[in-house]
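Read the numbers this way: they start at 1 and go in the same order the structure lists the ligands and their atoms. These numbers were taken from a predicted model, which means no experiment stands behind them.
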Amino acid sequence: MNNIAEQLRLAYQNIKQNCQQLHIINDSVQLIAVSKTKPVADILTAYQAGQRKFAENYPQELADKQQLLAEKADIEWHFIGPLQSNKTRLVAQSAAWVHSIDRLKIAKRLAEQRPESLGKLKVLIQINISKEASKSGIAPDMMLELAEQISALPQLELKGLMAIPKAKDDNAETGPDFLAMQHLSTQLQQHYPDATELSMGMSNDWPIALKNGATMIRLGTVIFGKRDKNEE
Ligand SMILES: *Cc1c(COP(=O)(O)O)cnc(C)c1O
C-alpha cells in the first residue's frame, strides 16, 4: 500500500478510536484532506483510497485542481484560506464549502457569483479565537451580526464556524480556545439550528479539537507529508 493511502487509513482509525473514547458518534466527524501545494497525483491517490473531501488554501490552485479533476464529480472541494475580493469568483465556481468567511463583502460577492447550477454554497464563519494578528477571522462578539447578514443571502447556506486556535501554548492540554469555540458554536446554533459544523483541528492538534466538539478536522501533513515551505 502506498504512503498516502496508509496515512489516510491510520488517520481514520485514530479518529475513530478517539471518538470511541470520547463517546462521540463517529459519523458526525468529517476528515477533510488538505491538499494545498500537493500535486493532483497525490489527490488522485487519496481519491482511489476512498477520500472524497479535499481542501485548498489558494483560489487559483483550487480552481485549477477542480478543473483537472472535473471527471471526479463526487469530490467535495472545501476552500479554507484567506479570500480577497478579486478572487471570490474562482472560489464561487469551484468550491462546495468555504470555511473562511470573515466579512460581509466577501459573502456578498460569493453569493452574487455562485452559479445557480451548483446549488447553494455552504459557508462557515471564521473566528479569530486566539486574537492573533496574523490570522484571519472576526472577533467572537461579531459572530451573530455576520451570521444574520449571511443568512439573508439566499445563495449561501450558513453551516457553522471555523477557527485555527493557537497551536501550542501553556494550556495546550486543556485548550481554552478550543473550548471557547465549542461555546460559540452552541450559541450560534441557538439562533441557527442548522449551523452545526465546527471546523477546527489540524495535524498537530486535532485530538484537542475533537474533544471540544469539532465536526470537521482539516488534515494536511499527516496525510500528504510535509509541504515545501517555499510554496506556502
Ligand atoms: C494548511 C492548513 C491546514 C492543514 O495543516 P496541517 O498542519 O498540515 O494538517 C488546515 N487548516 C488550514 C486553514 C490550513 O491552512
Is there a donor-acceptor pair under 3.5 Å between the side chain of Asn18 and the backbone N or O of Leu22? no

Which atoms of ligand 1 have any heavy atom of Ile164 under 4.0 Å away? 13 (C)

Show me which atoms of ligand 1 lie under 4.0 Å from any heavy atom of Thr221. 6 (P), 7 (O), 8 (O), 9 (O)

Short list, please: which atoms of ligand 1 are under 4.0 Å from a heavy atom of Ser203? 6 (P), 7 (O), 8 (O), 9 (O)

If the test is side-chain contact (heavy atoms from CB on, under 4.5 Å), which one of Met162, Lys53, Glu197, Glu157 qualifies with Trp97? Glu197

Flag yes if more than 12 heavy atoms outside Gln13 fall under 6.0 Å of its CD atom; otherwise flag no. yes

Is the contact between His99 and ligand 1 made by the side chain, the backbone, both, or neither, using heavy atoms and a 4.0 Å cut-off? neither

Tell me if the CD atom of Glu148 is crowded by more than 12 foreign heavy atoms within 6.0 Å. no

What atoms of ligand 1 come within less than 4.0 Å of a heavy atom belonging to Leu219? 9 (O)

If the cut-off is 4.0 Å to any non-hydrogen atom of Arg218, which atoms of ligand 1 fall inside it? 4 (C), 9 (O), 10 (C), 11 (N), 12 (C), 13 (C)

Should the pair Arg52-Glu76 be classified as a salt bridge under the 4.0 Å nitrogen-to-oxygen rule? no

Audit row: Asn57, Phe79, side chain to side chain contact (heavy atoms under 4.5 Å, CB included) steps and yes/no: CA-CA 6 Å; Asn57 272 60; Phe79 184 77; 5.5 Å; no

Do any nitrogen or oxygen atoms of Asn204 lie less than 3.5 angstrom from nitrogen or oxygen atoms of ligand 1? no

What pairs with Ser85 under side-chain contact (heavy atoms from CB on, under 4.5 Å), at least two apart in sequence or on another chain? Lys105, Ile106, Arg109

Below 3.5 Å, N or O to N or O, backbone or side chain included: is there any such pair between Gly220 and ligand 1? yes

Heavy-atom contact check, 4.0 Å cutoff: does Asn57 meet ligand 1? yes

Where ligand 1 meets Ile80 - atom numbers and elements under 4.0 angstrom, heavy-atom basis: 11 (N), 12 (C), 13 (C), 14 (C)

Relative to each other, are the rings of Phe54 and Phe224 parallel, tilted or perpendicular (30° and 60° limits)? tilted

Would you mind listing which atoms of ligand 1 come within a distance below 4.0 Å of any non-hydrogen atom of Lys36? 1 (C), 2 (C), 3 (C), 14 (C), 15 (O)

